[in-house]
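Throughout, a chain's letter reflects where its sequence line sits, starting with A, and its residues are numbered from 1. All of these numbers come straight from a predicted model, not from anything done at the bench.
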Amino acid sequence: MDYLQLMGFGPNGWGYGMLAATGMTVAVALCGYLIGSVLGSLGAAAAFSRFMPLRAIAGFYTTVLRGIPDLLVIYLFYFGSSSVISAVGALFGAEGFVGAPAFLTGAMAIGVVSGAYQMQVFRGAVLALPKGEIEAARAYGMPSFLLFRRIILPQAARFAIPGMGNVWQLVLKESALISVIGLVEIMRQSQIGAGSTRQPFSFYLTAGALYLLITFVSGRGFRLAERRAMRGVRRAA
Amino acid sequence: MPDPAKTPAVQLSNIRKSYGEHEVLHGVSLTANEGDVISILGSSGSGKSTLLRCINMLEVPNAGSVSIHGEAITLDQKPGQPPRARDMRQVNRLRAKAAMVFQSFNLWSHLTILENLIEAPVYVLKRDRKEAIAEAEALLARVGIAEKRHAYPAHLSGGQQQRAAIARALAMHPSVMLFDEPTSALDPELVGEVLKVMRDLAAEGRTMLIVTHEMGFARDVSTRTVFLHNGVIEEEGAPAEVFENPRSDRFRQFISRDH
Ligand SMILES: Nc1ncnc2c1ncn2[C@@H]1O[C@H](COP(=O)(O)OP(=O)(O)OP(=O)(O)O)[C@@H](O)[C@H]1O
Ligand SMILES: [Mg+2]
């Protein structure tokens with residue numbers, strides 16, 4: 001079978017499978033990324049808290065999760081939640097090991113890891129905020145929520161978007177690790193295809209192209225967002 | 001009923017302010033009546049900025065009271081805790097009446113000059129956007145930077161930015177304007193254009209409190225001069241009087257030094 005037939009949408013082609021897997025990669029990465037944004041913002045807020053224990057928890061979170069391998073986090077999540085589910089299942093008479101849902105565990109694992117990185121990005125963005133402009137907003141009578149929405153958020157976006165783009169790239173690559181718990185995303189689908197057709201090179205090459213395509217498209221999105229957020233910033237000559 | 005014309009625009013009584021153990025204002029009282037242009041002089045660290053920032057509660061005084069147009073700002077004083085304003089809505093309402101102009105301009109860098117001028121009128125004072133724009137354009141023309149309305153602050157010279165910042169203050173229809181060394185961050189050749197705008201404002205009878213190192217300006221333009229030293233007012237009076245016959249030795253030394 002030649003390459004085009006192999007990756008085509010004919011009866012023996014793997015086109016639909018690879019396409020669905022691409023959708024799965026984007027979906028799990030996006031969900032994990034969003035969970036990470038929530039955790040990252042909470043973590044950054046905690047890091048600026050006046051309450052010492054909150055600061056300590058935030059510091060512990062970001063240090064530990066950036067310090068251990070992502071694959072380990074995925075295993076911990078998967079086997080951790082599986083054993084809980086199995087135990088609950090045993091109460092209702094189910095026998096043996098019940099696997100946790102791969103999508104959910106995968107998204108959670110990506111979420112906590114990328115949250116640790118996003119927290120650093122948000123923290124840096126807040127530290128880079130021009131204090132004088134925020135003070136001016138207070139001096140002109142802006143209540144705190146208005147000040148956050150009209151001044152802090154658009155300014156923080158400037159400093160956060162480039163870092164957010166980097167974290168997104170990390171997340172995309174990390175999503176390939178979710179294949180180990182059986183989620184059929186690009187990586188897993190390629191392994192299946194490679195095994196059953198004995199044409200591993202074609203599959204892994206296609207997988208690489210698909211990842212590049214996703215990073216290319218999302219990279220453009222981030223650059224557009226950055227251009228918008230950087231309005232009014234004078235570039236160093 | 002108090003006579004509104006006689007209600008002071010700003011009244012500070014016995015303001016004390018400490019940072020930690022260090023008291024930087026030791027009970028300062030100052031009244032600015034309608035139309036007063038008060039220049040506040042003093043060497044670095046004497047507490048000028050702190051005093052000005054107590055007026056709009058950017059710093060909350062540890063003791064004393066602040067009234068804007070006869071309305072006293074309610075402060076909560078719990079033992080062992082720094083004082084706080086009781087009602088932020090009141091503070092924000094009064095802040096909008098006491099527009100501040102900063103040494104480093106502090107225009108909002110993600111907004112164009114025109115957007116800077118309408119931001120607080122539209123979002124804080126809830127004015128009609130179209131009217132706010134029309135008025136902002138007139139103000140920009142008045143300070144001589146109408147052609148910069150769609151530029152971002154970073155693309156203006158310091159003098160232009162400070163004139164825009166003054167226009168932003170005027171757009172609030174403030175009852176008093178607070179200036180904290182408005183020309184200190186400017187190149188010498190740009191100082192004049194900003195002082196000219198301020199001179200015009202004084203001439204039309206605006207109430208202004210100006211922290212400045214521009215002695216000539218203080219002397220010519222202000223109706224009253226206040227000299228602050230180590231957190232107390234050492235000299236106060238009409239500029240013609242105090243500059244000619246300073247009663248305090250410190251003020252005498254201060255004005256004879258290079259100024
Ligand atoms: N946020 C702060 N925390 C601690 N100390 C402060 C703070 N702000 C001001 N001070 C101290 O209070 C004193 C008065 O400061 P202030 O800024 O009011 O002086 P200033 O007269 O405006 O001086 P300058 O001419 O340098 O602007 C200084 O000793 C300063 O170090
Ligand atoms: Mg100062």
Quick one: what part of A:Ala137 sits under 4.5 Å from any heavy atom of chain B, side chain, backbone, both or neither?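 Contact with chain B is through both the backbone and side chain of A:Ala137.
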
Let me know if A:Ile151 has heavy atoms under 4.5 Å from chain B in its side chain, its backbone, both or neither.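 Looking at A:Ile151, backbone and side chain both touch chain B.
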
To see if you've got the definition right, give the donor-acceptor pairs under 3.5 angstrom between chain A and chain B.
{"from": "A:Gly132", "atom 1": "O", "to": "B:Asn106", "atom 2": "ND2", "distance (Å)": "3.1"}
{"from": "A:Glu133", "atom 1": "O", "to": "B:Trp108", "atom 2": "NE1", "distance (Å)": "2.8"}
{"from": "A:Glu133", "atom 1": "OE1", "to": "B:Ser109", "atom 2": "N", "distance (Å)": "2.9"}
{"from": "A:Glu133", "atom 1": "OE1", "to": "B:Ser109", "atom 2": "OG", "distance (Å)": "3.1"}
{"from": "A:Glu133", "atom 1": "OE2", "to": "B:Ser109", "atom 2": "OG", "distance (Å)": "3.1"}
{"from": "A:Glu135", "atom 1": "OE1", "to": "B:Arg53", "atom 2": "NH1", "distance (Å)": "2.9"}
{"from": "A:Glu135", "atom 1": "OE2", "to": "B:Arg53", "atom 2": "NH1", "distance (Å)": "3.2"}
{"from": "A:Glu135", "atom 1": "OE2", "to": "B:Arg53", "atom 2": "NH2", "distance (Å)": "2.9"}
{"from": "A:Arg138", "atom 1": "O", "to": "B:Arg95", "atom 2": "NH1", "distance (Å)": "3.4"}
{"from": "A:Tyr140", "atom 1": "OH", "to": "B:Met100", "atom 2": "O", "distance (Å)": "2.8"}
{"from": "A:Arg150", "atom 1": "O", "to": "B:His110", "atom 2": "NE2", "distance (Å)": "2.9"}
{"from": "A:Arg150", "atom 1": "NE", "to": "B:Glu119", "atom 2": "OE2", "distance (Å)": "2.7"}
{"from": "A:Arg150", "atom 1": "NH1", "to": "B:Tyr123", "atom 2": "OH", "distance (Å)": "3.2"}
{"from": "A:Arg150", "atom 1": "NH2", "to": "B:Glu119", "atom 2": "OE1", "distance (Å)": "2.8"}
{"from": "A:Gln155", "atom 1": "NE2", "to": "B:His110", "atom 2": "ND1", "distance (Å)": "3.0"}
{"from": "A:Arg158", "atom 1": "NH1", "to": "B:Ser109", "atom 2": "OG", "distance (Å)": "3.1"}
{"from": "A:Arg158", "atom 1": "NH2", "to": "B:Ser109", "atom 2": "O", "distance (Å)": "3.3"}
{"from": "A:Arg234", "atom 1": "NH1", "to": "B:Ala154", "atom 2": "O", "distance (Å)": "2.6"}

When B:Ala96, B:Ala165, B:Ala169, B:Pro153 are compared by non-hydrogen pairs under 4.5 Å with chain A, the top option: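 If we count pairs closer than 4.5 Å to chain A, B:Ala169 comes out on top.
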
Taking atom CE as the centre, does A:Met18 end up with more than 12 heavy-atom neighbours from other residues, nucleotides or ligands that are less than 6.0 angstrom away?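 Result for CE/A:Met18: enclosed.
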
Go through the atoms of [X] and report whether side chain, backbone, both or neither lie under 4.5 Å from a heavy atom of chain A.
X	value
B:Leu107	backbone
B:Ala151	neither
B:Met172	side chain

Minimum heavy-atom distance between A:Gly232 and B:Ala154, given as atom pair plus value: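 Nearest heavy atoms, A:Gly232 then B:Ala154: O-CB, 3.5 Å.
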
Using the side chain to side chain donor-acceptor pair (under 3.5 Å) criterion, which residues pair with A:Thr105? Sequence neighbours excluded.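 Result, side chain to side chain donor-acceptor pair (under 3.5 Å) vs A:Thr105: none returned.
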
